[in-house]
Amino acid sequence: MSATTTLHSVSVRPALSADEEALGELDRSTWSTLHAVMPRPQPPYDPFFDERHRPEDFLVAEAATEAVTESGAPDGSGGTRIAGYIRLVPPTPLACNAHVRQIQGLAVAAWARGAGVGRTLLRAACAEARRQGANRITLRVLGHNTPARALYASEGFAVEGVLSGEFFLHGRYVDDVLMGRSLAP
């Protein structure tokens, strides 16, 4: 019998240095032409955290899971797993731009998709941006990434600009869509 994973609850917390290996694996496993402008990572892999990608820039979604058999019976191998992450940073180092935060990465594990993990991370990022004193949040998304664009729009993000043909990916030009929203209550 094969087992499937049932997701019971999701919580979001700041990333820790100890999450590096799990986040690196998640990042590599979620690589897709739908959202990536960089080539597929190849070994030896760069560290997930570095000077520009610090643990404090990331929020991590943890999911309480339970593995169940095909008959639906628990198989006893549940626990907590990292289900996704979101990176939230100031878009520039300029003081005149300090009221803005930008999402620069969002990934959800394949086994956790469709369970609201991405939405939970997005809402947590907005709350964290408010906590940091921001009154606006922005992001960039590839034009052909319809699922992500729909999620962002459903959470109040609006298209604020389009850089037509900004990237040449896999033999075709792809738009870079700029989206943003107010964080006012």
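For reference, positions follow the sequence shown, starting with 1. The model shown is predicted, which means the values in this text are computed figures rather than measured ones.
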A.B. asks: On a heavy-atom basis, which atom in Ala15 and which in Pro55 lie closest, and how many Å separate them?
C.D. replies: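 Heavy atoms only, the tightest pair is CB-O, 3.5 Å.
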A.B. asks: Ignoring hydrogens and angles, tell me if any N or O in the side chain of His35 forms a donor-acceptor pair with the backbone of Leu106 under 3.5 Å.
C.D. replies: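 Checked: no pair found.
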A.B. asks: In the single-linkage hydrophobic clustering (I, L, V, M, F, W, Y; side-chain heavy atoms under 4.5 Å), do Val108 and Leu139 co-cluster?
C.D. replies: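 Result: yes, single cluster for both.
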A.B. asks: For the OH atom of Tyr152 and the CZ atom of Arg140, what is their distance to the nearest 0.5 Å?
C.D. replies: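 Taking OH in Tyr152 and CZ in Arg140, the distance rounds to 13.0 Å.
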A.B. asks: Mind checking whether Met38 and Val174 sit in one hydrophobic cluster, side chains of I, L, V, M, F, W, Y counted as touching below 4.5 Å?
C.D. replies: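 Hydrophobic grouping puts Met38 with Val174.
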A.B. asks: Would you call Asn97 and Pro91 a side-chain contact if the rule is heavy atoms closer than 4.5 Å?
C.D. replies: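 Side chain of Asn97 against side chain of Pro91, heavy atoms only: contact under 4.5 Å found.
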A.B. asks: Should Trp111 and Leu26 be counted in the same cluster of Ile, Leu, Val, Met, Phe, Trp and Tyr side chains packed under 4.5 Å apart?
C.D. replies: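 No, no single cluster joins them.
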A.B. asks: Heavy atoms, side chains only, cut-off 4.5 Å: are Tyr45 and Asp27 in contact?
C.D. replies: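 Contact flag for Tyr45/Asp27 side chains = no.
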A.B. asks: Can you name the nearest heavy-atom pair linking Ala107 to Thr30, along with the distance?
C.D. replies: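 It is CB-OG1, 3.7 Å.
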A.B. asks: Taking the side chain as everything from C-beta on, heavy atoms only, tell me whether Leu142 gets closer than 4.5 Å to Leu169.
C.D. replies: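 Yes; the side chains approach each other to less than 4.5 Å.
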A.B. asks: Measuring from atom CG of Leu151 to atom OG1 of Thr146, what distance do you get when rounded to the nearest 0.5 angstrom?
C.D. replies: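 Reported to 0.5 Å precision, the distance equals 12.5 Å.
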A.B. asks: Heavy-atom distance under 4.5 Å between the side chains of Phe157 and Ile137, does that happen here?
C.D. replies: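 Side-chain contact under 4.5 Å: yes.
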A.B. asks: Considering non-hydrogen atoms only, spot the tightest contact between Trp31 and Ala36 and give its length.
C.D. replies: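 The pair with the smallest heavy-atom distance is NE1-CB, 3.2 Å.
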A.B. asks: For Tyr173, is the OH atom crowded, meaning more than 12 foreign heavy atoms sit under 6.0 Å from it?
C.D. replies: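 No, because the 6.0 Å sphere around OH of Tyr173 holds 12 heavy atoms or fewer from other groups.
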A.B. asks: Taking atom CE of Met179 and atom OG1 of Thr138, what is their separation to the nearest 0.5 Å?
C.D. replies: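 Rounded to the nearest 0.5 Å, the CE-OG1 separation comes out at 11.0 Å.
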A.B. asks: Between Arg52 and Arg87, which heavy-atom pair has the shortest distance, and what is it?
C.D. replies: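 Smallest heavy-atom distance, with atoms named: O-NH2, 2.6 Å.
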A.B. asks: For a 4.5 angstrom cut-off between non-hydrogen side-chain atoms, does Ile103 reach Leu122?
C.D. replies: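 The answer is yes, as the side chains (C-beta and beyond) meet within the 4.5 Å cut-off.
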A.B. asks: Leu34 versus His144: any side-chain heavy-atom pair under 4.5 Å?
C.D. replies: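 They are in contact (side-chain heavy atoms under 4.5 Å apart), so the answer is yes.
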A.B. asks: Please name the pair of heavy atoms, one in Val10 and one in Ala61, separated by the smallest distance, quoted to 0.1 Å.
C.D. replies: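 Of all heavy-atom pairs spanning Val10 and Ala61, the closest is CG1-CB, 4.0 Å.
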A.B. asks: Begin from the C-alpha positions of Arg136 and Leu183 and carry the test side chain to side chain contact (heavy atoms under 4.5 Å, CB included) through to its verdict.
C.D. replies: CA-CA 5 Å; Arg136 183 169 157 60; Leu183 292 172; 5.6 Å; no
A.B. asks: Please step through side chain to side chain contact (heavy atoms under 4.5 Å, CB included) for the pair Glu128 and Val12, ending with a clear verdict.
C.D. replies: CA-CA 11 Å; Glu128 176 60 17; Val12 177; over 6 Å; no
A.B. asks: Mind checking whether Leu163 and Val159 sit in one hydrophobic cluster, side chains of I, L, V, M, F, W, Y counted as touching below 4.5 Å?
C.D. replies: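 No, no single cluster joins them.
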A.B. asks: Please give me the minimum heavy-atom distance between Ile82 and Ala22, naming the atom from each residue.
C.D. replies: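 That would be CD1-CB, 3.9 Å.
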A.B. asks: Hey, does Arg119 have a side-chain heavy atom less than 4.5 Å from the side chain of Ser154?
C.D. replies: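 The answer is yes; the side chains approach within 4.5 Å.
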A.B. asks: How long is the span from the SG atom in Cys126 to the CZ atom in Arg131, to the nearest 0.5 Å?
C.D. replies: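 If I round to the nearest 0.5 Å, the distance is 14.0 Å.
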A.B. asks: Supply the atom-to-atom distance Asp19 CG to Arg13 CZ, rounded to the nearest 0.5 angstrom.
C.D. replies: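 So the gap between those two atoms works out to 4.0 Å.
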A.B. asks: To the nearest 0.5 angstrom, please state how far the CZ atom of Arg81 sits from the CD atom of Glu62.
C.D. replies: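 One finds 12.0 Å between CZ of Arg81 and CD of Glu62.
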A.B. asks: Could you check whether the rings of Phe48 and Phe58 sit parallel, tilted or perpendicular, using 30° and 60° as the cut-offs?
C.D. replies: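 The arrangement is tilted - the two ring planes meet at 30° to 60°.
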A.B. asks: Would you check if Phe49 and Leu23 make a side-chain contact, meaning some heavy-atom pair closer than 4.5 Å?
C.D. replies: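 Yes; the side chains approach each other to less than 4.5 Å.
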